[in-house]
Amino acid sequence: MGEHCLTDGWHDDYVLDDSALVYKQKDGIYIITGCSHAGICNIAEYARQVTGCSVIKGIIGGLHLFSGRSQQTSSTVDYLKKNVEGNIYPCHCTNLAAKFALHAQLPVQEVGVGLTLEW
């Protein structure tokens, strides 16, 4: 099931070793991920379902993307372009090539020690 946002539809993908948090504000939700083993698109859709809020204001965490040219990265970029209104902060399990692919089309921000976000 590994590729989650492909054009052939959604796939069930139960990954017990991953977690994510959703912070709900009046203006939308903010998603905080671990490694996104279940796929950031799946996580975002589930966050919308659980909160009843369709507006994604930002995402921070690992996106589990390891290529700038894979179908998974391309599909993920397309999904995030359509569904995230704010910044994306890709972390540890998102390699440099994938960050470049994301940054070419999305508001990607750098993440590092001491980063403070106010939502």
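None of these values were measured; they are calculated from a predicted model. Values reported hereafter were calculated over all heavy atoms of this structure, with side chains retained and with hydrogens, waters and symmetry mates removed.
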Please check: side-chain N/O of [X] versus main-chain N/O of [Y], any donor-acceptor pairing under 3.5 Å?
{"X": "T94", "Y": "P90", "value": "no"}
{"X": "T51", "Y": "C53", "value": "yes"}
{"X": "S36", "Y": "G62", "value": "yes"}

### Query
Is the shortest heavy-atom distance from the side chain of K57 to the side chain of V55 under 4.5 Å?
yes
### L65 side chain near N95 side chain, heavy-atom distance below 4.5 Å
no
Measure across [X] and [Y] and return the closest heavy-atom pair with its distance rounded to 0.1 Å.
{"X": "N87", "Y": "V84", "answer": "O-CG1, 4.5 Å"}
{"X": "H37", "Y": "D18", "answer": "N-OD2, 2.7 Å"}
{"X": "V22", "Y": "A47", "answer": "CG2-CB, 3.3 Å"}
{"X": "R48", "Y": "I56", "answer": "NE-CD1, 3.8 Å"}
{"X": "C91", "Y": "K99", "answer": "O-CE, 4.0 Å"}
{"X": "I88", "Y": "L106", "answer": "CD1-CD1, 3.8 Å"}

## Note on the structure
Going by chain and number, the hydrophobic cluster around F100 (ILVMFWY, side chain to side chain under 4.5 Å) further includes L96
### Query
Mind checking who shares a hydrophobic cluster with W119, ILVMFWY linked at side-chain heavy-atom distances under 4.5 Å?
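Cluster partners of W119: L21, Y23, Y30, I32, I60, Y89, V111, L115, L117.
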### Message
Walk me through whether E45 and I43 qualify under side chain to side chain contact (heavy atoms under 4.5 Å, CB included).
### Response
CA-CA 6 Å; E45 286 301 309; I43 292 167; over 6 Å; no
### Message
For T76 and Q72, which I'm curious about, is there any donor-acceptor pair between the side chains at under 3.5 Å?
### Response
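Result is no, nothing qualifies.
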### Query
Any chance the side chains of S70 and T73 put a donor and an acceptor closer than 3.5 Å?
yes
### Summary
One should read off an interatomic distance between E85 CD and L80 CG, to the nearest 0.5 angstrom, of 13.0 Å
### Message
Let me confirm one number: the CG-SG distance from L63 to C35, rounded to the nearest 0.5 Å.
### Response
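SG of C35 is found 10.0 Å from CG of L63.
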